[in-house]
Q: 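Below is a structure I'd like to ask you about.
Within every chain, numbering begins at 1; the chains are lettered A, B, ... in the order of the sequence lines, protein sequences first and strands thereafter.
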There are 2 protein chains.
Amino acid sequence: MNDSTLPRSTYAEISELAGVSKSTVSRVFNGDSRVHPDRVAAVFEAAKQIGYRPNRAARALSTGRTGLIAVVIDDDVSALGDPFWGMVTSGVSRVLMQNGLQTLLMVAPLDDDDGPVAHYLESNEVDGVIFAQVHKDTLVRKVAKSGVPVVVIGTPSDDATDIHFVDTNNVAGGYMGTNHLFKIGCKTVATITGDIGTSAGLHRLKGFELAHKENNVKLNKNLIAYGNWSFDSAKILMLRLLASNPDIDGVFAANDISAMAAIAAIEERGKRVPDDIAVVGFDDTLVSQTSRPALTTVKQDIVGLGQAAAEAMLEIISGEKPDSRILSTELIIRQSA
Amino acid sequence: MNDSTLPRSTYAEISELAGVSKSTVSRVFNGDSRVHPDRVAAVFEAAKQIGYRPNRAARALSTGRTGLIAVVIDDDVSALGDPFWGMVTSGVSRVLMQNGLQTLLMVAPLDDDDGPVAHYLESNEVDGVIFAQVHKDTLVRKVAKSGVPVVVIGTPSDDATDIHFVDTNNVAGGYMGTNHLFKIGCKTVATITGDIGTSAGLHRLKGFELAHKENNVKLNKNLIAYGNWSFDSAKILMLRLLASNPDIDGVFAANDISAMAAIAAIEERGKRVPDDIAVVGFDDTLVSQTSRPALTTVKQDIVGLGQAAAEAMLEIISGEKPDSRILSTELIIRQSA
DNA sequence: CATAAACATGAAACCGATTTCAGCAAGTGA
DNA sequence: TCACTTGCTGAAATCGGTTTCATGTTTATG
């Protein structure tokens with residue numbers, strides 16, 4: 001059954017060695033203040049001596065808490081190639097680990113709210129769930145309703161106000177990027193959106209529209225191309241935009257990868273960046289530094305987003321009701337605009 | 001204690017509803033063939049009716065298996081920005097999930113073989129550990145010795161032959177990339193290595209050297225620049241190479257990011273890629289498709305690497321002793337060489 | 001000084017599965 | 001028909017912690 005090569009160590013052994021009961025051992029390890037200092041010392045000493053390691057399964061069984069937080073990432077192709085999610089996850093993992101919790105990673109389709117993933121999340125196998133890249137929030141709502149603490153990275157739809165979320169200020173970011181294009185003199189600014197089924201995609205587009213209003217530029221719907229974060233879609237869209245609107249002199253792309261695609265399309269049509277057309281991206285991932293021309297982009301704190309989500313989760317678990325957090329963005333000016 | 005909002009469901013309830021004992025319920029769920037078909041049906045029917053969900057903690061406590069596999073990724077800066085590890089991990093996760101196991105992600109420094117991570121891994125909290133990005137294998141050896149199944153992504157040092165590993169054929173890949181440069185007519189080929197403290201970095205360099213031998217080109221040690229996978233280090237090294245060896249006409253970079261950096265450095269010095277200097281990368285991550293000129297690179301199956309690691313882990317757990325697997329590489333010719 | 005309240009502790013029940021062991025029923029062989 | 005497998009089943013022990021409850025000991029209160 002248990003055939004570990006390590007010597008087993010249990011409360012029973014500590015209790016024997018320290019001359020106290022299992023109950024007292026448990027109290028000591030859980031910081032119960034009522035135990036006499038001498039016993040506390042004896043227990044710690046005994047534990048150290050036999051190299052005690054707690055058995056989490058046993059603890060989980062009796063407390064109902066597993067010490068695991070699931071991070072659920074939507075399993076579509078774009079999730080894999082984009083370093084974004086790895087960075088978010090490492091931010092989550094770092095904070096959780098510092099607090100004695102472990103990160104359970106689930107890369108799975110989120111549109112199935114009755115599949116194995118849904119069952120797993122609802123079954124108290126984890127103490128909380130952090131959702132990322134949400135298109136549909138039916139699964140999120142279902143899990144939240146089952147009583148499991150939930151934090152969403154991104155902004156849930158308006159009618160899910162009871163769900164805690166952490167997000168980048170994508171409206172401000174979209175505004176910032178677009179506004180920069182107007183400020184450097186662009187007259188005809190197009191955008192390649194992200195997936196507007198996600199809050200990030202939608203909000204960045206809102207920021208784009210807001211910048212038009214603030215700069216008293218009439219919004220031309222023909223200059224909005226609806227993409228899905230991917231290089232291929234963005235490139236096709238940019239080529240189309242150039243064909244139908246030859247006077248474009250600025251492009252705001254909803255992520256760095258789309259911006260790269262836009263630049264590729266623009267140069268393919270014999271125009272130059274930034275001289276003929278300026279391009280602004282979003283994310284400030286590695287590509288924005290490594291591309292040529294280096295990409296002017298709206299920076300978001302990706303690792304910080306993961307950390308904030310984990311911190312929110314910790315607060316919720318400890319019974320607090322934290323406010324949702326919106327992280328600010330910053331314009332990084334390089335060469336492309 | 002257990003205050004889930006879901007109705008609790010246990011073997012006891014099934015047993016009552018189905019009119020059998022808990023023992024029989026357990027046998028049914030574990031596929032014990034001795035149970036009478038009628039009872040099996042009754043148990044499944046009862047389970048479905050009350051919406052039974054197993055409690056993994058309870059199972060873990062009595063079997064000693066947790067159903068968790070840890071993926072341990074070395075926590076240095078390069079791990080974050082590089083999409084490589086996210087892709088590997090998603091490959092692992094997919095295979096494990098298909099087999100009812102969960103992926104526990106630990107992003108942690110691997111040089112501490114007596115810290116909390118080490119203790120956790122040795123404490124039978126997980127059924128197996130997959131290590132990635134290994135510089136030093138002291139922790140790996142320690143965990144393996146403690147009796148926990150271990151799979152390494154990468155190749156461990158020669159004296160750790162008992163540890164199972166899964167790797168890309170980096171020597172062949174390095175050869176392939178370098179050989180291509182010779183085949184297209186390059187005479188003076190430099191390389192920017194990865195971290196040669198890792199097997200991947202070292203083996204790609206070996207492949208570079210091998211290609212020289214096969215092409216009867218004398219190896220010039222001055223053309224080897226020792227990098228660490230990062231953009232910044234690679235760019236500085238490339239600038240140095242150009243300064244000291246003005247006749248370089250080909251560069252093999254140990255990863256795509258370094259190749260991007262090399263191209264940036266080359267163009268900064270007023271030379272053109274591939275006309276003046278051809279550049280080959282390694283990985284075939286997204287950047288190699290999105291860069292301009294598009295990067296000629298050695299493709300490795302990154303997701304497949306994760307999948308292979310997970311499959312090896314499954315075999316080890318089920319008592320087999322699988323052979324270590326070496327995945328092949330493929331040259332993807334684009335524009336940069 | 002008597003009584004109540006606070007404190008410190010151990011015995012035992014409990015969490016929800018798995019597994020051993022014993023026992024009953026049916027089938028086999030002599 | 002008797003002894004003996006073989007097949008199927010349930011009671012009870014077990015995994016390693018946590019928690020309740022009862023008890024003995026101090027300290028505070030009137």
Q: Select one nucleotide: of C/dT9, D/dG16, D/dC8, the one nearest the side-chain heavy atoms of A/R34.
A: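 When the side chain of A/R34 is considered, C/dT9 is the closest of C/dT9, D/dG16, D/dC8.
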Q: Which one, D/dG17, D/dT9, C/dG16, comes nearest to the side chain of B/V35?
A: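 Of all the options, the side chain of B/V35 is nearest to D/dT9.
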Q: When you measure from the side chain of A/V20, which nucleotide among C/dT18, C/dG10, C/dA8 comes out closest?
A: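 The nucleotide sitting nearest to the side chain is C/dG10.
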Q: Over how many whole Å does the gap from A/R56 atom CZ to D/dT18 atom C1' extend?
A: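 So the two atoms are 16 Å apart, to the nearest Å.
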Q: Report yes or no: is there a donor-acceptor pair, N or O only, under 3.5 Å between the side chain of B/S23 and the base of D/dA11?
A: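 Check passes, donor-acceptor contact within cut-off.
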Q: Please evaluate residues A/D74 and A/F131 with respect to the criterion side-chain contact (heavy atoms from CB on, under 4.5 Å), reporting the C-alpha separation (whole Å), side-chain torsions for both, the decisive distance (0.1 Å), and the verdict.
A: CA-CA 8 Å; A/D74 202 354; A/F131 284 98; over 6 Å; no
Q: Taking atom C1' of C/dC7 as reference, at what distance in whole Å does atom NE2 of A/H36 sit?
A: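 About 12 Å, once rounded to whole Å.
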Q: Quick one: do A/E122 and B/R53 satisfy side-chain contact (heavy atoms from CB on, under 4.5 Å)? Show the steps, please.
A: CA-CA 9 Å; A/E122 289 178 310; B/R53 302 283 164 74; 4.0 Å; yes
Q: How many whole angstroms separate atom OH of B/Y11 from atom C1' of D/dA11?
A: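 Atom-to-atom, B/Y11 to D/dA11, this comes out as 17 Å.
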Q: Side chains of B/Q300 and B/T168: is there a donor and an acceptor less than 3.5 Å apart?
A: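 A pair is found: one side chain offers a donor N or O, the other an acceptor, under 3.5 Å apart.
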Q: What's the CZ-P distance between B/F29 and C/dT18, to the nearest Å?
A: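 Result: 9 Å.
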Q: B/N55 side chain: which of C/dC15, C/dG10, C/dA17 is closest?
A: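 Nearest to the side chain of B/N55 among the choices is C/dA17.
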Q: With respect to the phosphate group of D/dG10, does any side-chain polar atom (N or O) of B/S21 fall under 4.0 Å of OP1 or OP2?
A: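 Answer is yes, contact under 4.0 Å.
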Q: Going by distance alone, is a donor N or O of one side chain under 3.5 Å from an acceptor N or O of the other, for B/H119 and B/D114?
A: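 Yes - a donor-acceptor pair under 3.5 Å links their side chains.
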Q: Separation of A/D38 atom CG from C/dA8 atom P, in whole Å?
A: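 So the two atoms are 12 Å apart, to the nearest Å.
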Q: Tell me whether the OP1 or OP2 atom of D/dG10 has a side-chain N or O from B/T24 closer than 4.0 Å.
A: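 Indeed, a polar side-chain atom of B/T24 lies that close.
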Q: Look at the side-chain N and O atoms of A/S26 and state whether any lies under 4.0 Å from the OP1 or OP2 oxygen of D/dT18.
A: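 So the side-chain polar atoms of A/S26 do come within 4.0 Å of the phosphate oxygens OP1 or OP2 of D/dT18, strictly under.
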Q: Does C/dG16 have OP1 or OP2 under 4.0 Å away from a side-chain N or O of B/Y52?
A: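 Checking C/dG16 against B/Y52, no side-chain N or O comes under 4.0 Å of OP1 or OP2.
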Q: What's the closest nucleotide to the side chain of A/R39 if the choices are D/dG17, D/dG10, C/dG10?
A: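 Minimum distance to the A/R39 side chain belongs to C/dG10.
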Q: Can you work out whether B/R27 or A/R27 has the more 5'-proximal nearest nucleotide on DNA chain D?
A: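 That would be B/R27.
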Q: Kindly indicate whether the side chain of A/R325, heavy atoms from C-beta on, has any atom under 4.5 Å from the side chain of A/E311.
A: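 They are in side-chain contact.
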Q: 5'-most contact on DNA chain C: B/P54 or A/K22, nearest heavy atom basis?
A: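 Residue closer to the 5' terminus by nearest nucleotide: A/K22.
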Q: Mind calculating the distance between CZ (B/R65) and C1' (D/dC15) to the nearest angstrom?
A: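 From B/R65 CZ to D/dC15 C1': 13 Å.
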Q: Rounded to whole angstroms, how far apart are CZ on B/R59 and C1' on D/dT14?
A: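 To the nearest whole Å, that distance equals 16 Å.
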Q: Where the side chain of A/T10 is concerned, which of C/dT18, D/dG16, C/dA17 is the nearest nucleotide?
A: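 Among C/dT18, D/dG16, C/dA17, the one nearest the side chain of A/T10 is D/dG16.
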Q: With a 4.5 Å heavy-atom cut-off, do A/V126 and A/I69 have their side chains touching?
A: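 A/V126 does not reach A/I69 side chain to side chain.
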Q: What integer distance in Å separates A/N124:CG from C/dC15:C1'?
A: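 One finds 13 Å between C1' of C/dC15 and CG of A/N124, rounded.
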Q: Between D/dT18, C/dT18, C/dG16, which nucleotide has the shortest distance from any of its atoms to the side chain of A/L61?
A: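 Closest nucleotide among those given: C/dG16.
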